Protein chains: 2
Amino acid sequence: MEIRELRYFVAVAEELHFGKAAERLEIAQPPLSRAIARLERQLAVTLLERTSRRVTLTAAGAVLLSEARSILSAVAAAERRTQQAARSRPRLVLAVKSGTVGELLAKLLDAYRAEPGAATVDLLLCEAHQQQELLQNGQADVALLHLPFDSVAGLDTEALYTEGQVAILPASHRLARRSRIRVAEVAAVPELPMARWPDRGGNYPEGPGPEVRNLTQLFQLIALGLTTVIIPESAGTDLRPDLAAVPVSDAPPVTTVIAWPSQSRLRAAADLIRVATRL
Amino acid sequence: MEIRELRYFVAVAEELHFGKAAERLEIAQPPLSRAIARLERQLAVTLLERTSRRVTLTAAGAVLLSEARSILSAVAAAERRTQQAARSRPRLVLAVKSGTVGELLAKLLDAYRAEPGAATVDLLLCEAHQQQELLQNGQADVALLHLPFDSVAGLDTEALYTEGQVAILPASHRLARRSRIRVAEVAAVPELPMARWPDRGGNYPEGPGPEVRNLTQLFQLIALGLTTVIIPESAGTDLRPDLAAVPVSDAPPVTTVIAWPSQSRLRAAADLIRVATRL
DNA sequence: TACAGCGATACCCGGGCGGTATCGATCGGC
DNA sequence: GCCGATCGATACCGCCCGGGTATCGCTGTA
């Protein structure tokens, strides 16, 4: 089994169409058919059921698709990390999404810079759902994630900071004067439907609330009295004066964790993680 | 970068000798030299420093070695799991080491067998240090591990059972009548030096105690008044009459966890894990 | 200084990868 | 019900690359 064969198989398994897959791979269709056939022969397993009209994955094919994706990620990561290690001045890529506790991040970077032999830290600002992938394929070395929202499968983590959540409301709203509130109460306000965030594919779930992409947009809509949201405390400090934050008593606490690929052996990453856990 | 090239690189990086590595790979030395040179050219990175007298790894080479090992494991796992998925009757390999809570294991297997669509579970009895590797390269799907002894890097786990530890002593020993004991007291008995277990390489650490490989051996030596050991409670039940178990008050508690590779997508494994967490 | 050890280089051969042309099966439209 | 379009498989060809042998060149040692 070779990497090229896995790349070919993933293309076919995703397109479910040899012609399209060949186009994506920038090769002709016949060599692709042969490569898949050879892969099947070597494994002694049928990966795809094909008629001349449709191509479908077998159960074994579905397993290999998932395995192959993670192998290809690991290969890309290996290439990046090897080249990174060859640089004289090491760099470390830290993936954070907007909304990450600014104060915590500043303290972490300051503390790390004071370390002897500290690498240059590049901040990679990204969307929440990209972080896992960035770590897996080596585009980032370390990330700050938020439990219980972000998935940490395949990652090692250390908890840094736990906080409650607050509801952000128009300052003039009747609920804005409450000292505490419950999730159900926020959800039950018909004139303030909860904002909707895009999923991985960039699509929005169905619902009455407005579609938003970032906190600035969101705060503007809340100030206009059009929506509301429940977010971690630290993201709701230093609000504009026409907004109010009310602690939500029964929202799950949010934990900021530092995460890295579990097989990571980078000196610089280990240093940063050690510094982070001592904060 | 191809799998074959990674296999070649790992061989050279481990042997630090092109000739030996070529022999191990069952190819001639010149193609091996060329393959490594090509890999270095493609990555634009020097992986090995070679004089005609010695070969050494560069920092980048050390990184690639570690990455390559895990990629090769992942490839082996992918092959095994794909072939497994192609079988009509799914099988599930559960890696356990001797000494694992027998009662817990029996309950788990019974409960799982009662599930609809349960796979055949094969028990793979192994040494503690093999389990991680068996899961990573796909020879096992699920394992029972013991924290804090076993490493769980790269694995997902669920805690099943926590218990204290006991010291196993000859029934006639003066400490055997105690109701509780401390680690320091056990360690301070000069006539009963703690038994030594082999490490990953099968070598024994230095020390005064006897070398042992399994509990049966060990119990025999304890009965002869030659050694002692501190083990989880459950491994010290139903002892032969000439042995006694004394709870050790300050030994760390041992947690039995069920562990699986974090990217695992096996139906049968998920079922087994679900059943286990409900026990 | 001569020799042994070891990686690199030169050169050759064969298999396999990728290309084009075409077949054969299947499904949809008229 | 037949024809044509679609799409994967097959046949055949050329070339690159992987693997082999022979040999070179450097280095450390006796």
Side-chain angles (χ1 to χ4, degrees), chain A residues 1-62 64-65 68 71-72 75 79 86, chain B residues 1-62 64-65 68 71-72 75 79 86:
Chain A
M1 214 163 72
E2 287 299 323
I3 302 221
R4 184 174 31 79
E5 297 174 323
L6 292 180
R7 261 204 326 274
Y8 287 7
F9 173 71
V10 168
V12 176
E14 285 179 355
E15 303 280 347
L16 292 178
H17 190 295
F18 280 74
K20 302 264 179 62
E23 199 175 331
R24 187 169 121 188
L25 295 166
E26 301 185 305
I27 63 171
Q29 169 259 319
L32 179 56
S33 288
R34 266 187 306 159
I36 301 294
R38 187 183 45 250
L39 185 58
E40 289 182 320
R41 192 154 24 87
Q42 283 171 354
L43 290 172
V45 163
T46 303
L47 300 170
L48 298 158
E49 293 293 348
R50 37 239 203 243
T51 69
S52 67
R53 301 308 291 176
R54 78 173 86 261
V55 175
T56 55
L57 269 182
T58 63
L64 185 60
L65 175 58
I71 290 171
L72 294 180
V75 169
E79 290 177 353
Chain B
M1 214 162 74
E2 287 299 323
I3 305 262
R4 184 174 29 79
E5 297 174 324
L6 291 180
R7 262 206 324 274
Y8 287 7
F9 173 70
V10 169
V12 176
E14 285 179 355
E15 302 282 347
L16 292 178
H17 190 296
F18 281 75
K20 301 268 178 60
E23 198 174 334
R24 187 169 120 189
L25 293 166
E26 300 186 304
I27 63 171
Q29 170 260 318
L32 179 56
S33 288
R34 266 187 306 158
I36 301 294
R38 185 182 49 248
L39 185 58
E40 290 182 318
R41 199 174 49 241
Q42 283 170 355
L43 290 172
V45 163
T46 304
L47 299 170
L48 298 158
E49 294 292 350
R50 36 238 203 245
T51 69
S52 66
R53 300 307 292 174
R54 79 173 85 262
V55 176
T56 55
L57 268 183
T58 64
L64 185 61
L65 175 58
I71 290 171
L72 294 181
V75 168
E79 290 177 352

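On a predicted model such as this, the values are computed, not experimentally measured, just so you know. In what follows, every chain begins at residue 1, and chains take the letters A, B, ... in the order their sequences are listed.
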Rounded distance in Å - [atom1] ([X]) to [atom2] ([N]):
{"X": "A:Tyr8", "N": "D:dG8", "atom1": "OH", "atom2": "C1'", "value": "17 Å"}
{"X": "A:Ile36", "N": "C:dC17", "atom1": "CD1", "atom2": "P", "value": "12 Å"}
{"X": "B:Arg7", "N": "D:dG19", "atom1": "CZ", "atom2": "C1'", "value": "14 Å"}
{"X": "B:Leu47", "N": "C:dG7", "atom1": "CG", "atom2": "P", "value": "16 Å"}
{"X": "B:Glu49", "N": "D:dT27", "atom1": "CD", "atom2": "C1'", "value": "16 Å"}
{"X": "B:Leu32", "N": "D:dG18", "atom1": "CG", "atom2": "C1'", "value": "12 Å"}
{"X": "B:Gln42", "N": "D:dC17", "atom1": "CD", "atom2": "P", "value": "10 Å"}
{"X": "A:Arg54", "N": "C:dC27", "atom1": "CZ", "atom2": "C1'", "value": "10 Å"}

If you compare all heavy atoms of A:Thr46 against all heavy atoms of A:Glu49, which two are closest, and at what distance to 0.1 Å?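 Heavy atoms only, the tightest pair is CG2-OE2, 4.0 Å.
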
Non-hydrogen atoms of A:Leu47 and A:Glu40 that approach each other most closely: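 That would be N-OE2, 2.8 Å.
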
Sorted by first residue and then second, give each salt bridge (charged side-chain N to carboxylate O under 4.0 Å, His left out) pair with at least one member in residues 2-12 of chain A; sequence neighbours left out.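 Residue pairs passing salt bridge (charged side-chain N to carboxylate O under 4.0 Å, His left out), neighbours aside: A:Glu5-A:Arg38.
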
Just N and O in the side chain of B:Arg50: are any of them under 4.0 Å from OP1 or OP2 of C:dA8?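 For C:dA8, OP1/OP2 do have a side-chain N/O of B:Arg50 under 4.0 Å.
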
Quick one: is A:Arg38 getting a side-chain N or O under 4.0 Å of the C:dC17 phosphate, OP1 or OP2?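 Result: yes.
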
Supply the atom-to-atom distance [X] [atom1] to [Y] [atom2], rounded to the nearest 0.5 angstrom.
{"X": "A:Leu48", "Y": "A:Thr56", "atom1": "CG", "atom2": "OG1", "result": "7.5 Å"}
{"X": "A:Ile71", "Y": "B:Leu72", "atom1": "CD1", "atom2": "CG", "result": "9.5 Å"}
{"X": "B:Leu64", "Y": "B:Phe9", "atom1": "CG", "atom2": "CZ", "result": "4.5 Å"}

Name every donor-acceptor pair, under 3.5 Å, that has one atom in a side chain of residues 28-36 of chain B and the other anywhere in the protein, sequence neighbours excluded.
from	atom 1	to	atom 2	distance (Å)
B:Gln29	NE2	B:Ser33	OG	3.0

Tell me, please, which residues at least two apart from A:Glu15 pass salt bridge (Lys or Arg N to Asp or Glu O under 4.0 Å).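 Scan of A:Glu15 (salt bridge (Lys or Arg N to Asp or Glu O under 4.0 Å), adjacent residues dropped) gives A:Arg24.
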
Step by step, work out the side-chain contact (heavy atoms from CB on, under 4.5 Å) result for B:Leu39 and B:Tyr8. CA-CA 10 Å; B:Leu39 185 58; B:Tyr8 287 7; over 6 Å; no

I'd like to check the side-chain hydrogen bond (donor to acceptor under 3.5 Å, both in side chains) partners of B:Glu79; sequence neighbours left out, ordered by chain and number.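 Once residues adjacent in sequence are excluded, B:Glu79 has no partner under the side-chain hydrogen bond (donor to acceptor under 3.5 Å, both in side chains) criterion.
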
Looking at residues 18-28 of chain B, who's got a heavy atom less than 4.0 Å off DNA chain C?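 B:Phe18, B:Gly19, in order of number.
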
Between the protein and nucleotides 10-16 of chain D, which nitrogen or oxygen pairs are less than 3.5 angstrom apart?
none

Passes side-chain contact (heavy atoms from CB on, under 4.5 Å), B:Val75 versus B:Leu6? Steps please. CA-CA 11 Å; B:Val75 168; B:Leu6 291 180; over 6 Å; no

Between the protein and nucleotides 2-5 of chain C, list every N/O to N/O distance that falls short of 3.5 Å.
from	atom 1	to	atom 2	distance (Å)
C:dG5	N3	B:Arg53	NH1	3.4

Does the pair A:Met1 and B:Ile3 meet the rule for a side-chain contact (heavy atoms from CB on, under 4.5 Å), with working shown? CA-CA 8 Å; A:Met1 214 163 72; B:Ile3 305 262; 5.9 Å; no

Output side-chain donor-acceptor pairs under 3.5 Å for residues 16-23 of chain A, partner residues at least two apart or in another chain, one line each.
from	atom 1	to	atom 2	distance (Å)
A:His17	ND1	A:Gly19	N	3.1
A:His17	ND1	A:Lys20	N	3.0

Under the side-chain contact (heavy atoms from CB on, under 4.5 Å) test, which residues partner A:Ala60, sequence neighbours left out?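 Only A:Val45, A:Thr58, B:Thr82, B:Ala85, B:Ala86 meet the side-chain contact (heavy atoms from CB on, under 4.5 Å) criterion with A:Ala60.
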
Rounded to 10 degrees, the angle between the two terminal axes of the helix from C:dT1-D:dA30 to C:dC30-D:dG1, each from five pairs: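 That helix has its two terminal axes inclined by roughly 20°.
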
